Every structure is written in structure tokens, then in C-alpha cells.
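Okay, so here's the structure we're looking at.
Residue numbers start from 1 in every chain, and the chains themselves are labelled A, B, ... in the order their sequence lines are given, proteins ahead of strands. Just so it is clear, the model here is predicted, and its values are computed rather than measured.
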Amino acid sequence: MSAPILSIRDLRARVGGRDVLDGLSLDVGAGEVHAIMGPNGSGKSTLAYVLAGRPGYEITAGSVTYRGEDLLKLEPEERARAGLFLGFQYPVEIPGVNNVYLLKAALNAARKHQGLPEVDAFEFLAVVREKMKLMQMDEAFLSRGVNEGFSGGEKKRNEILQMLVLEPTLALLDETDSGLDIDALKVVSRGVNTLRAPQRAIVLVTHYQRLLEHIVPDRVHVLARGRIVRSGDRDLALELERRGYDWITGAAA
Amino acid sequence: MTETADIEKLVGRAYQHGFVTDIESDSLPPGLDEDVVRAISRIKGEPSFLTEWRLRAFRHWQAMKQPQWAHLRAHPVDYQAISYYSAPKSKADGPKSLDEVDPKLLATYEKLGVPLHERARLAGVAVDAVFDSVSVATTFKDRLEKAGVIFCSFSEAVRKHPALVERYLGTVVPYQDNFYACLNSAVFSDGSFVYIPPGVRCPMELSTYFRINATNTGQFERTLIVAAPGSHVSYLEGCTAPMRDENQLHAAVVELVAEDDAQIKYSTVQNWYPGDENGIGGIYNFVTKRGECRGRNSKISWTQVETGSAITWKYPSCVLRGEGSVGEFYSVATATNLQQADTGTKMIHVGANTRSTIVSKGISAGRGQNAYRGLVKILPSAHGARNFTQCDSLLMGSRCGAHTFPYVEVKNPTATVEHEASTSKISEDQLFYCMQRGISEEDAINMIVSGFCKSVFKELPMEFAVEAQNLLAVSLEGSVG
Ligand SMILES: Nc1ncnc2c1ncn2[C@@H]1O[C@H](COP(=O)(O)OP(=O)(O)OP(=O)(O)O)[C@@H](O)[C@H]1O
Ligand SMILES: [Mg+2]
């Protein structure tokens with residue numbers, strides 16, 4: 001395996017008085033795409049939030065190393081600026097705040113962190129337009145409020161658009177495929193695939209093997225009861241599709 | 001010596017020191033009676049109609065009671081402890097240089113992007129001239145004169161255009177109107193006067209900033225703007241930099257008159273010192289602002305962004321008398337720390353087919369209390385009148401409050417009145433979403449607040465809108481969490 005971008009060791013985390021992550025370990029190497037699958041409520045979103053630094057999640061044990069650095073020490077916005085991107089399972093609406101304005105602020109925050117000057121307004125727009133075309137999004141979405149009144153599928157596309165503009169080092173995509181129609185699934189997958197690169201890593205949380213036909217993962221993991229209970233290659237996803245989770249979670253209990 | 005003689009003597013001395021040349025000069029001793037009112041009028045060399053008007057106002061005021069509002073907590077003001085005339089301030093009183101100014105205040109100027117030479121003036125440092133703005137102002141004056149626009153201090157208008165002043169003064173806000181307006185009418189110090197002749201589109205935004213001597217108009221300011229038939233004017237009041245003032249009480253009056261087809265747009269960005277975290281030292285701001293759409297198809301539009309003041313009590317209003325006239329009110333008011341904002345508007349529909357729009361955005365943070373009080377009154381004569389009101393409140397944190405009191409009186413069955421209201425909180429989800437995109441919590445809050453205020457900001461003249469946004473950011477700094 002190549003040098004890890006993300007390395008999680010025996011991570012335990014509590015939220016709302018519950019121990020949700022229970023000794024989770026995972027390594028994601030540069031250039032790799034990993035898929036995490038698992039039953040509802042098993043802790044997939046919790047893992048994503050913990051990695052992104054969402055307040056209210058208490059780490060009780062374990063460590064997370066991101067590009068050789070202790071990730072858990074960083075504030076959420078610092079993690080983002082350092083190249084960690086979370087595509088939300090339920091993107092929030094922010095009425096009145098321009099979609100493109102937020103995107104530009106986000107990009108500039110990352111650039112500032114890298115010691116780069118603010119992006120040129122024209123260049124920025126050109127890049128955004130190009131990515132929107134790729135995502136088959138109407139330009140009207142630029143001037144609308146962030147996710148304001150977007151349909152479920154439109155919100156997910158918007159997440160991917162943001163990701164494409166921000167070009168993160170580590171992208172965590174939490175059920176980006178759910179709620180997408182068949183064509184949209186292809187569009188989104190194409191978007192994600194363009195981001196695949198040797199210096200990056202992508203972690204997909206999904207319930208459907210169908211997504212993995214479009215974005216072919218290097219590794220597939222099953223998360224159950226707060227830990228990774230099985231890992232394999234893409235055939236594992238196919239097997240899960242056939243057999244469900246019982247045969248694994250039963251074995252893990 | 002009698003008290004009156006005492007004052008006479010003081011006034012006499014003040015005269016010697018020369019108010020007209022406005023160098024070193026005195027103040028009247030604290031206290032208020034008819035002699036003080038006469039003295040003010042005399043010092044300013046006013047014609048008798050004005051002296052008489054002041055006196056009638058004063059007599060009326062004596063019988064009035066200070067209003068009590070359920071949602072305001074105010075220390076009683078001792079009106080006999082105030083000095084009602086203080087001539088332009090002696091330069092020796094202020095700080096000698098910026099080094100002597102409170103660093104916190106300077107840091108705020110920095111954030112607001114106030115130009116260096118302006119910082120000194122705002123902080124009250126003794127400065128000899130108005131620097132660059134003198135030449136800027138002269139250029140403006142030339143252009144305005146060419147257009148026939150009168151834009152000067154109220155005192156100057158009384159001297160040079162007494163007939164105009166007499167014709168319009170108190171016709172929109174009669175001195176009997178309310179306690180504070182009445183007091184102002186008796187003792188007002190100075191202010192601005194604007195007259196736009198028929199058919200003239202004022203060639204530039206009029207801003208108090210460009211009027212030399214705009215400072216020091218004191219705590220009882222008076223503004224009168226008259227737009228003759230078919231004329232247009234946009235007037236900007238205020239300044240985004242925090243203004244400190246040793247006068248705790250401010251009771252200004254603004255009167256607007258729009259004749260047939262005339263339009264007045266009045267924008268305010270106000271940032272009085274709100275007091276410290278404990279509410280100490282803040283300004284009580286009681287303002288009466290009213291516009292009258294006197295002519296057919298005339299329009300008056302109020303836009304205001306209010307931060308600051310310990311207490312703000314302010315209801316820019318429109319009397320829609322002319323047939324088909326339009327009144328608008330767009331407002332953003334913030335209340336942080338112990339601030340109390342009690343603002344709103346009154347739309348009085350008198351003429352047929354008059355229309356009004358009210359958009360009020362209240363932001364409460366810390367322990368701030370924000371109240372919106374609005375009155376939409378449709379008189380029997382206002383056939384086909386329409387009003388739309390939207391009142392939104394944004395709460396930051398859990399110790400603040402928002403209150404709305406919409407009053408509607410409809411006396412004509414053909415009228416339509418619509419009201420929408422909402423209260424929202426900045427959610428943790430929204431903040432985290434922004435932070436996950438690399439945006440700091442503070443910037444995220446500013447973004448969300450600006451988004452909330454967008455429909456009001458877009459009514460402001462461009463440069464003002466940017467300033468208002470910065471101002472809001474600074475005044476809400478650190479208010480979540
Ligand atoms: N704030 C909270 N308070 C209490 N319980 C919580 C909280 N957040 C998550 N949980 C619980 O933690 C468990 C894991 O939730 P999580 O959202 O991580 O599941 P998931 O694997 O993403 O599920 P899904 O596939 O349905 O999205 C669930 O049982 C959930 O109810
Ligand atoms: Mg989930």
C-alpha cells in the first residue's frame with residue numbers, strides 16, 4: 001500500500017451519550033478509493049463527522065493521522081483548509097447566502113492557508129462554470145441561496161460541485177448516491193472519477209453496490225456496531241448485495 | 001441675582017466669544033425654561049417666527065409625560081440636568097492625538113476600513129481642518145448649486161431661506177406629536193436642510209458626510225428635506241464608525257416632504273456607542289422620523305441599518321396623502337449585549353390607491369432585546385390601498401429575545417393588508433457546514449446574517465451596503481456561543 005493519507009487507530013467516540021464508534025481502525029492510502037458499507041445506524045455518518053470535527057462528538061480513545069499529522073487536534077475549519085472535504089448526507093440550507101459566494105469564500109480560505117493569493121474573480125467563475133457543465137447543473141444555481149429550495153438530488157450534485165472546485169486531498173462522501181436518479185448517478189460518478197488522482201484519496205459511504213459499478217473502489221469495508229468488521233475488494237460489495245449483512249455481523253457478534 | 005439674569009449674563013458672555021465665527025465658546029448652564037429657549041433662538045440669530053414656534057413647543061412639552069414602553073428599560077432622564085446649548089466644542093477638551101484614543105476604538109475603525117485621517121476626527125482628536133473633504137465638499141457644492149439644489153445646515157437655511165423653512169417646518173411632525181419631538185422643537189440645535197427644485201434629479205447622493213460642519217449638530221438634531229414636484233433625491237445619513245458622545249440622550253427629528261411625482265430615498269446607517277457589556281455609557285436614541293407623500297404618485301422610502309445605542313426608539317413613518325403615493329420601509333436592527341431596540345414604522349394611508357411595503361429584519365444576540373412595532377393604518381378615504389409587511393427575526397444564542405407587535409387598523413373595506421413573520425435561529429448545522437468548507441465560525445455567522453438581511457441591504461446605495469455589511473459583522477463579533 002502507498003503512503004497513507006488517513007490512518008485511524010482504535011477510534012472510540014461518543015455522541016448523545018452513546019458510544020457509537022467502538023474501536024474502529026482504517027487506513028486509506030494515497031490514490032485510493034475506499035467504500036464503506038454497513039447497516040443503518042452502524043456509525044458511518046458518525047465516523048465522517050468525527051473526522052470532519054463536528055462539535056458534540058467526544059473522542060474517548062484512539063487516534064487519527066491525516067498526512068502524518070494528528071487530525072483530532074485541528075479545528076473543523078483547519079481540517080477543511082488542509083484538504084479534508086465532507087460531502088454531507090443531508091446538506092443544510094442557508095437561505096440568502098449565495099451559493100457561489102460560499103464557494104468562493106471556501107476556496108479562498110483554503111488558498112490563504114496555502115499561502116496563495118485570493119482567486120481571481122473571472123478565473124474562478126470560469127472554473128466553476130466548467131465544473132457545473134460537468135455536473136450538468138444549470139447556471140441559475142450559482143446565484144441561488146446555498147441549497148435553498150434545492151431538490152434532494154440537486155443538493156447532492158451541489159456537494160460534488162463544491163468538491164470539484166475545492167479539489168480536496170481527502171474526500172469523504174456520505175451517501176452522495178442516495179436520492180439520485182439513474183442519470184444523475186452517472187453524472188455524479190463521473191464527477192467523482194475526475195477527482196481520482198495519485199495524491200488524493202476518496203472514501204465513499206454507500207448502501208448500494210450500483211455506485212461502485214461507476215466508481216470502482218480499491219477496497220470495500222463493512223462497518224457494523226462502530227467498527228470495521230470486514231474488508232475486501234470490490235467483490236465484497238457484490239457479495240453483500242447477494243447476501244445482506246447478517247452473515248458478517250452475526251459472525252462479528 | 002435672579003436665575004434669568006444669570007443666564008442673560010452667560011448668554012451675553014457667549015456672544016462676546018462669538019458664536020458666528022464658532023471658535024472657543026461657552027454652553028448654557030444645565031436646565032430648561034422659557035428663557036433658555038429664548039436664549040438658544042437669540043444666540044442663533046433666528047427670526048421671530050421660529051422663536052415663537054420654539055416657545056409654543058416648549059409650553060406644550062411642559063404638560064407632556066415621557067412615554068413608557070413595556071419593552072424598554074431606561075433610567076429616567078433628568079431634563080433639568082442637561083445643557084441645551086453647547087457651542088462647537090473646544091479643541092482643548094479632546095485627545096491630543098490618536099495615541100490618546102482608546103485602542104479598542106481604533107481597532108474598530110481599522111476593521112471598518114475608516115480612512116486614517118477620518119479616524120482622528122471621529123475619535124474626537126483636535127483636528128484643524130476637514131482635510132481632503134474640504135475640497136471634495138466644495139466640488140460637490142458647485143455641482144449642487146448648478147442644479148439649484150439647496151443642501152446646507154439648518155441654521156444656514158434659517159438665515160438664507162427663512163421662507164422655505166417657515167413654510168415646511170413642523171408640517172410633517174408638528175411639535176405636539178410626541179414627547180421627544182416636542183422637546184426637540186423647543187431646543188433643537190442644528191441639522192440639515194435640503195430643497196430639491198421642481199423636476200430636478202439631484203445629481204448625487206446627498207450625504208451628511210460631505211457637509212462641512214456636519215459634526216457637532218448635537219443631541220437635538222433637526223433635518224428637513226423637501227422634494228418639489230417631479231424631483232428625486234437620495235439622502236444618506238450617518239456613519240458606520242462608532243460615534244461616542246458625552247450626551248446620553250439624543251432626540252432628533254427628521255421631516256420629509258414629497259410633492260407630486262417626487263421621490264425621496266432616505267438611508268441611515270447608524271452606529272451609536274451601545275455601552276459596554278454591562279450597558280454602561282450607551283446612548284439613548286429617541287428619534288422621530290416622518291415623511292409625507294403630499295403629492296400624487298410621490299414616493300418615500302426609508303432604509304435603515306441600526307446597530308449601537310443602548311436604547312433605540314425609532315419609527316420612520318410615512319403619511320401617504322397623495323393619490324397613488326408609495327411608502328417603503330426597509331430596516332435591519334441589531335440588539336446585542338444589553339441593547340434594546342424598539343423600532344418599526346407607521347404607514348398611514350390617507351389617499352386612494354396608496355401602497356406601502358415594510359420589510360423589517362431584527363437580529364438579537366447576547367442579552368439583546370429587539371422589538372418591532374408597526375402600525376398600518378388605512379383611513380376611510382384610502383380606497384384600494386395596499387400594504388405588505390414582512391417581519392423576520394434572527395436569534396443568536398438563547399438569552400436574547402425578539403418581539404413583534406404589528407398593529408393594523410383598516411377603515412376601508414377595499415384595502416388589502418398582508419403580513420408575514422418568521423423567527424429563526426442560526427443553526428449549528430449551518431455553522432458546521434460552513435466551517436467544513438474552511439470558513440471560520442465568525443465569517444460563517446457574518447455570511448448567514450448578511451444573507452438574512454439581503455433584501456434590506458439591496459435597497460442601500462452600493463457603497464453604503466458594503467459598509468453596512470462590515471458594520472454588522474463588527475457589531476455582532478463574538479456574539480454566538
Ligand atoms: N446526536 C446523537 N444523539 C444520539 N444518538 C446519536 C446521535 N448521532 C448519532 N446517534 C446514533 O448513533 C448511531 C449511528 O448513527 P449514524 O448516523 O452514524 O449511522 P449511519 O451508519 O450513518 O446510518 P445510515 O446508514 O442510516 O445513515 C445511530 O444509532 C444514531 O441514532
Ligand atoms: Mg449516515
Which distance, rounded to the nearest 0.5 Å, do you find between the [atom1] of [X] and the [atom2] of [Y]?
{"X": "A:Phe85", "Y": "B:Gln436", "atom1": "CZ", "atom2": "CD", "value": "6.5 Å"}
{"X": "B:Cys434", "Y": "A:Leu102", "atom1": "SG", "atom2": "CG", "value": "5.5 Å"}
{"X": "A:Glu78", "Y": "B:Ser440", "atom1": "CD", "atom2": "OG", "value": "11.0 Å"}

Compare all side-chain heavy atoms of [X] with those of [Y] and state whether any distance is below 4.5 angstrom.
{"X": "B:Asp429", "Y": "A:Arg54", "answer": "yes"}
{"X": "B:Asp443", "Y": "A:Glu77", "answer": "no"}
{"X": "B:Met435", "Y": "A:Pro55", "answer": "no"}

Over 12 non-hydrogen atoms of neighbours within 6.0 angstrom of [atom1] in [X]:
{"X": "B:Glu428", "atom1": "CD", "result": "no"}
{"X": "B:Phe388", "atom1": "CZ", "result": "yes"}
{"X": "A:Arg196", "atom1": "CZ", "result": "yes"}

Exercise. Checking heavy atoms, do the side chain of A:Pro168, its backbone, both or neither come under 4.5 Å from chain B?
Worked result: neither
Problem set entry | A:Phe150: partners by ring pair (Phe, Tyr, Trp, His ring centres under 6.0 Å), with sequence neighbours left out | A:Phe141
Exercise. Ring pair (Phe, Tyr, Trp, His ring centres under 6.0 Å) with B:Tyr433: which residues, sequence neighbours excluded?
Worked result: A:Phe88
For this session: Looking only at non-hydrogen atoms, find the nearest pair between A:Arg81 and B:Ile439 and report the distance.
Result: NH2-C, 4.2 Å
Problem set entry | Considering all heavy atoms, the nearest B:Phe432-A:Pro76 contact |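 Reported closest heavy-atom pair: CE1-CB, 4.1 Å.
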Problem set entry | For chain B, which residues of residues 155-163 of chain A have heavy atoms nearer than 4.5 angstrom |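 Heavy-atom contacts from residues 155-163 of chain A to chain B are A:Glu159, A:Gln162.
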For this session: Sort by residue number and list every member of residues 103-135 of chain A having a non-hydrogen atom under 4.5 Å from chain B.
Result: A:Ala105, A:Ala106, A:Ala109
For this session: Using a cut-off of under 4.5 Å on heavy-atom pairs, state which of A:Ala52, A:Gly145, A:Ala82, A:Gly56 scores highest against chain B.
Result: A:Ala52
Problem set entry | Winner by heavy-atom pair count (cut-off under 4.5 Å) against chain B, out of A:Val97, A:Leu84, A:Asn98, A:Leu86 |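 Max contact count across the listed options: A:Leu86.
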